[in-house]
Protein chains: 2
Amino acid sequence: MLVSVGGPARTTGRPPVTSRAELEHIALALFCEKGFESTTVKDIARGAGVSRRTFFRYYASKNDVAWGDFDEHLARFQAHFDAVPPEVPTETALRECILAFNDFSDDELPWLRQRMSLLLGVSALQAHSVLRYAAWCDIVANFVAQRTGHAPRTLVPQVLARSALATAVAAYERWLEDGTSELREMLEAALSIWLRPWTSSPAGTGARFARGHR
Amino acid sequence: MLVSVGGPARTTGRPPVTSRAELEHIALALFCEKGFESTTVKDIARGAGVSRRTFFRYYASKNDVAWGDFDEHLARFQAHFDAVPPEVPTETALRECILAFNDFSDDELPWLRQRMSLLLGVSALQAHSVLRYAAWCDIVANFVAQRTGHAPRTLVPQVLARSALATAVAAYERWLEDGTSELREMLEAALSIWLRPWTSSPAGTGARFARGHR
DNA sequence: CCGAATAGTGGCACCTGGTGACAAATATCG
DNA sequence: CGATATTTGTCACCAGGTGCCACTATTCGG
């Protein structure tokens with residue numbers, strides 16, 4: 001059982017030669033150096049001094065390595081929703097939780113930018129992303145369902161969850177293209193548009209970045 | 001030039017043995033019979049009496065065959081937007097064009113249901129779909145951009161286009177799961193939620209299907 | 001100290017999707 | 001008939017991914 005992280009430290013058996021984190025670092029470095037497509041799994045494995053077969057014991061696919069420990073990150077997303085007091089309006093809760101999920105410290109930002117430009121720029125990863133984002137949507141949909149009284153898989157929770165995701169992705173893309181803006185402000189602007197699509201004017205407070213660069 | 005459909009009828013050269021449409025029909029039948037993953041390209045090619053290599057001259061990938069002539073369908077989507085008179089509000093135009101894009105005659109519906117349950121149910125196709133939907137988003141974003149005065153790749157058009165897509169996909173999924181509802185009404189309900197997320201109540205007119213089945 | 005149990009690793013064969021290159025087949029036109 | 005144009009088939013090849021099995025390195029018990 002290689003993928004288990006939360007389990008108790010193993011005592012017997014041959015110790016692992018590498019780790020998910022090490023493979024991730026090596027892979028991301030190679031992706032940035034010579035591109036995602038041009039980097040083969042063999043390259044990554046060789047970089048870690050490991051066989052190709054072993055790589056696939058740590059990551060189910062070459063795509064997955066670009067996501068790192070997204071599941072762990074998602075668990076924090078869920079925790080944010082769980083911590084929302086009942087008196088907070090659904091609309092506000094969604095906004096705050098999405099912002100909190102995407103709140104990174106300054107020293108994490110370069111990593112984030114590198115990772116996200118991979119995920120949003122490489123078409124194979126772009127395609128793969130919908131599979132990873134499904135869990136994100138489920139968390140949002142469940143929260144909305146609980147708040148509104150609808151079943152999680154019905155129209156209201158699904159439309160809100162999926163469009164929330166679309167909004168966040170749009171914000172990330174603008175943030176990546178822009179290069180000078182703050183991620184948080186971009187997300188706030190995008191969420192304002194999302195929550196009130198026909199009342200957000202380009203001159204509005206929250207939509208300061210809506211004009212594009214400059 | 002095999003993929004060209006609109007070109008003038010060729011006169012010289014060896015005539016094609018098959019066609020995109022024939023391959024599509026054979027492939028869809030096989031997908032429904034034994035599943036997408038279990039159907040190999042070799043199977044499809046053999047079904048059409050053609051070599052594997054030839055299949056890839058008609059379709060760039062096994063995924064693409066499930067989409068059929070989506071590009072042609074997209075051209076009609078664009079045409080709908082082009083035909084919108086300037087006095088129609090943006091909000092209304094989006095709603096009407098999306099509904100028109102998804103307006104199918106009764107005899108097309110079984111085909112559509114079959115195709116969409118493939119596209120939304122098979123994870124490989126689900127992933128691939130974002131690449132095909134990008135063109136859909138571009139059309140919507142361009143329209144919004146033109147109407148609002150923003151550049152197409154800025155926040156307002158992107159958020160609206162992507163969330164519109166998310167909304168339509170959510171409607172399709174509900175429609176597929178439900179089995180008894182009308183696609184158009186499901187889309188109308190979803191679009192109502194999308195356009196006015198916090199005013200749509202489960203008892204509202206447009207959200208009749210929002211409760212889920214039964 | 002030696003052997004059993006445990007758990008990760010490496011190598012191999014194999015499948016599938018996808019591509020490039022080149023010769024062969026089949027049509028029309030002069 | 002011959003030149004030309006276009007499709008087709010074959011073959012070789014690459015990359016991602018999986019199943020299988022032997023091997024290796026560790027800890028624990030006698």
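Letters go in sequence order (proteins before strands), and every chain restarts at 1. We use all heavy atoms of the structure for the numbers below, so side chains are in, but hydrogens, waters and symmetry mates are not.
Residues Glu24(A) and Arg115(A) are paired through a salt bridge, judged by an N-O separation under 4.0 Å between the basic side chain and the carboxylate.
If you check residues 117-135 of chain B against DNA chain C, you find no residue with a heavy atom closer than 4.0 Å. Listed by residue number, the members of residues 30-49 of chain B with any heavy atom below 4.0 angstrom from DNA chain D are Gly49(B).
With sequence neighbours excluded, no residue satisfies side-chain contact (heavy atoms from CB on, under 4.5 Å) with Ser38(A). Residues satisfying the side-chain contact (heavy atoms from CB on, under 4.5 Å) criterion with Arg46(A), sequence neighbours excluded, are Asp43(A). For Glu91(A), the salt bridge (charged side-chain N to carboxylate O under 4.0 Å, His left out) partners at least two apart in sequence or on another chain are Arg196(A). Listed by chain and number, the residues in a ring-ring contact (aromatic ring centres under 6.0 Å, His included) with His73(B) are Phe101(B), Phe104(B) (sequence neighbours excluded). Checked against salt bridge (charged side-chain N to carboxylate O under 4.0 Å, His left out), Arg184(A) has the following partners two or more places apart in sequence or in another chain: Glu188(A).
The nearest whole Å value for the distance from the CG atom in Asn63(B) to the C1' atom in dG18(C) is 12 Å. For the pair Leu23(B) CG and dT7(D) P, the interatomic distance rounds to 14 Å; values are reported in whole Å. Atom CZ in Phe56(B) sits roughly 13 Å away from atom C1' in dC14(D) (whole-Å rounding). As a whole-Å value, the separation of Arg52(A) CZ from dT9(C) C1' is 15 Å. Between the OH atom of Tyr59(B) and the P atom of dG18(C) there is a distance of 14 Å, rounded to whole Å. Between the P atom of dG18(C) and the NZ atom of Lys62(A) lies a distance of 15 Å, rounded to the nearest Å. Spacing between atom CZ of Phe55(B) and atom P of dT8(D) amounts to 13 Å, rounded to whole angstrom units.
A donor-acceptor contact under 3.5 Å is not formed by the side chain of Arg57(B) with the base of dG18(C). At a cut-off of 3.5 angstrom, counting only N and O atoms as typed in the model, there is a donor on one side and an acceptor on the other between the side-chain of Arg53(B) and the base of dG20(C).
Cation-pi contact between Arg113(B) and Trp175(B): present, with separation from the ring centre below 6.0 Å and deviation from the ring axis of at most 45°.
Side-chain proximity of Thr12(B) to the nucleotides dT9(C), dT8(D), dT28(C) is greatest for dT28(C).
Residue pairs meeting the ring-ring contact (aromatic ring centres under 6.0 Å, His included) criterion with at least one partner in residues 29-50 of chain B, sequence neighbours excluded, are Phe31(B)-Phe36(B). Listed by first and then second residue, the salt bridge (Lys or Arg N to Asp or Glu O under 4.0 Å) pairs involving residues 158-171 of chain A are Arg162(A)-Glu173(B) (not counting sequence neighbours).
With contacts defined as side-chain heavy-atom distances shorter than 4.5 Å, the pair Arg174(A)/Ser181(A) does not qualify.
Comparing Ala60(A) and Ser51(B) by the nucleotide of DNA chain D whose heavy atom lies nearest to each, the residue mapping closer to the 5' end is Ser51(B).
The neighbour count for Lys34(A) NZ, taken as heavy atoms of other residues, nucleotides or ligands under 6.0 Å away, is above 12.
Direction of the helix axis in the helix from dC1(C)-dG30(D) to dG30(C)-dC1(D) shifts by 20° between the two five-pair termini, rounded to 10°.
Within 4.0 Å (heavy atoms only), Ser19(A) reaches no atom of the nucleic acid at all.
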Shorter than 3.5 Å, N or O on both sides, protein versus nucleotides 23-26 of chain C: list them out with atom names.
unit_1  : atom_1 : unit_2   : atom_2 : d
dT26(C) : O2     : Arg14(B) : N      : 3.2

Report all side-chain donor-acceptor pairs from residues 129-145 of chain B shorter than 3.5 Å, counting only partners two or more places apart or in another chain.
unit_1    : atom_1 : unit_2    : atom_2 : d
Ser129(B) : OG     : Gln126(B) : O      : 2.5
Arg132(B) : NH1    : Asp64(B)  : OD1    : 2.8
Asn142(B) : ND2    : Asp138(B) : O      : 3.1

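Applying the 4.0 Å criterion to OP1 and OP2 of dT8(D), one finds that Tyr58(B) has a side-chain N or O inside that range.
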Verdict with supporting geometry, Trp194(B) and Ser163(A), side chain to side chain donor-acceptor pair (under 3.5 Å): CA-CA 8 Å; Trp194(B) 172 59; Ser163(A) 61; 5.5 Å; no
